[in-house]
Amino acid sequence: MAANILVKARFKVISFKSTLRKACYIMQGMIVGSQTIVGKIHVEWPNSVEIGKNCDIQDGITFWIQSPFKIDNRIIIGDNVFIGRNTEFNCCKSIRIGNNCLIASSTVFVDSSHTFVKDELITNQRLALKEITVEEDVWIGTGCKILFGVRLGRGCIIGAGAVVN
């Protein structure tokens, strides 16, 4: 009986903290839908991130935006999306996640890649940018790397540890 009371109390504390975090991010320009739970995340430019309703964004998620003043440079997450702990979004162009997706922990999204020009210093190489799109009802296993220009079609399942390019 006492354990049940402790579980309920813990859930209320977590829910309260999530509500405060959400309010803080919304005041900074992030769009966050109703009934979305936001864990302890890292985001320097909240106004470049949009999260739909009824999502579960766990602790340790990083939303990194390069060039946040470009209007199209955004991370957009649909409704009913689960994103597991320690997932990274490295956005130089655009990353879009459709509705009803499951993204397991430690997944990395990178929408840029280095070009290679022979006889030019590596530090002088340019970046290539291509949007990442994950359509509806996609399941991405733990530890996956989703690279620039990838489009995952509706209903895809990506096995744990896969590199998708």
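Positions are given from 1 along the sequence. It should be emphasised that the depicted structure is a prediction, and the values quoted were computed from it without experimental measurement.
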Student: Would you find more than 12 non-hydrogen atoms of other residues, nucleotides or ligands less than 6.0 Å from Lys93 atom NZ?
Tutor: no
Student: How many angstroms lie between CE in Met27 and NZ in Lys22, if you round to the nearest 0.5 Å?
Tutor: 13.5 Å
Student: Kindly check if the number of other-residue, nucleotide or ligand heavy atoms within 6.0 Å of CH2 (Trp139) is above 12?
Tutor: no
Student: Honestly curious: do Val164 and Phe109 fall in one hydrophobic cluster under the side-chain, below-4.5 Å linking rule?
Tutor: yes
Student: For residues Met30 and Glu50, determine if any side-chain heavy atom of one lies less than 4.5 Å from a side-chain heavy atom of the other.
Tutor: no
Student: Look only at the side chain of Arg85 and the backbone of Ala104, and say whether a donor-acceptor pair between them is shorter than 3.5 Å.
Tutor: no
Student: Give a yes or no on whether Lys145 atom NZ has more than 12 heavy-atom contacts from other residues, nucleotides or ligands under 6.0 Å away.
Tutor: yes
Student: Indicate, with yes or no, if Val81 and Val43 share a hydrophobic cluster defined by side-chain heavy-atom contacts under 4.5 Å among Ile, Leu, Val, Met, Phe, Trp and Tyr.
Tutor: yes
Student: Roughly how far, to the nearest 0.5 Å, is CD1 of Ile26 from CG of Asn47?
Tutor: 13.5 Å
Student: Just verifying a value: how many Å separate Lys130 NZ and Asn165 CG, rounded to the nearest 0.5 Å?
Tutor: 10.5 Å
Student: Do side-chain atoms of Glu131 reach the backbone of Gly149 as a donor and acceptor pair under 3.5 angstrom?
Tutor: no
Student: Are any non-hydrogen side-chain atoms of Asn90 and Val108 less than 4.5 angstrom apart?
Tutor: yes
Student: Are any of the side-chain heavy atoms of Glu44 and Phe63 separated by less than 4.5 Å?
Tutor: no
Student: Side-chain donor-acceptor pair under 3.5 Å between Ser105 and Thr142, yes or no?
Tutor: yes
Student: Counting N and O atoms only, with roles assigned by atom type, does the side chain of Thr36 sit under 3.5 Å from a partner on the main chain of Cys55, one being a donor and the other an acceptor?
Tutor: yes
Student: Under the criterion side-chain contact (heavy atoms from CB on, under 4.5 Å), I'd like the reasoning laid out for Ile61 against Asn86: C-alpha separation, chi angles, the key distance, then a yes or no.
Tutor: CA-CA 5 Å; Ile61 309 299; Asn86 303 317; over 6 Å; no
Student: Nearest 0.5 Å please: distance from the CD1 atom of Ile83 over to the OG1 atom of Thr107.
Tutor: 9.5 Å
Student: Is there a donor in the side chain of Thr133 and an acceptor in the side chain of Glu135, or the other way round, less than 3.5 Å apart?
Tutor: no
Student: Is there side-chain contact between Ile77 and Arg96, with at least one heavy-atom pair below 4.5 Å?
Tutor: no
Student: Checking side chain to side chain contact (heavy atoms under 4.5 Å, CB included) against Asp79, which of Gln35, Glu136, Lys53 comes through?
Tutor: Lys53
Student: Taking Arg21 for its side chain and Gly39 for its backbone only, find out whether a donor-acceptor pair lies under 3.5 Å.
Tutor: yes
Student: State whether the side chain of Asp111 and the backbone N or O of Phe148 hold a donor-acceptor pair below 3.5 Å, judged by distance alone.
Tutor: no
Student: Taking the side chain as C-beta and beyond, is there a heavy-atom pair between Val110 and Trp64 under 4.5 Å?
Tutor: no
Student: Measure the shortest side-chain to side-chain distance between Ile97 and Phe89 over non-hydrogen atoms and say whether it is less than 4.5 angstrom.
Tutor: yes
Student: Asn99 and Asn80: side-chain donor and acceptor closer than 3.5 Å?
Tutor: no
Student: Checking the side chain of Asp59 only, and the main-chain atoms of Lys40 only, is there a donor and an acceptor separated by less than 3.5 Å?
Tutor: yes
Student: Hey, are the side chains of Tyr25 and Ile41 touching, using non-hydrogen atoms and a 4.5 Å cut-off?
Tutor: yes
Student: Rounded to the nearest 0.5 Å, what separates atom NZ in Lys70 from atom OG in Ser94?
Tutor: 12.5 Å
Student: Give me each pair satisfying salt bridge (Lys or Arg N to Asp or Glu O under 4.0 Å) with a member in residues 156-165, each pair once, sequence neighbours excluded.
Tutor: none
Student: In Å, rounded to the nearest 0.5 Å, how long is the span from CG of Asn73 to OG of Ser48?
Tutor: 6.5 Å
Student: Please answer: with hydrophobic residues joined when any side-chain heavy atoms are less than 4.5 Å apart, are Ile157 and Phe82 in the same cluster?
Tutor: yes
Student: Hey, does Ile140 have a side-chain heavy atom less than 4.5 Å from the side chain of Leu152?
Tutor: yes
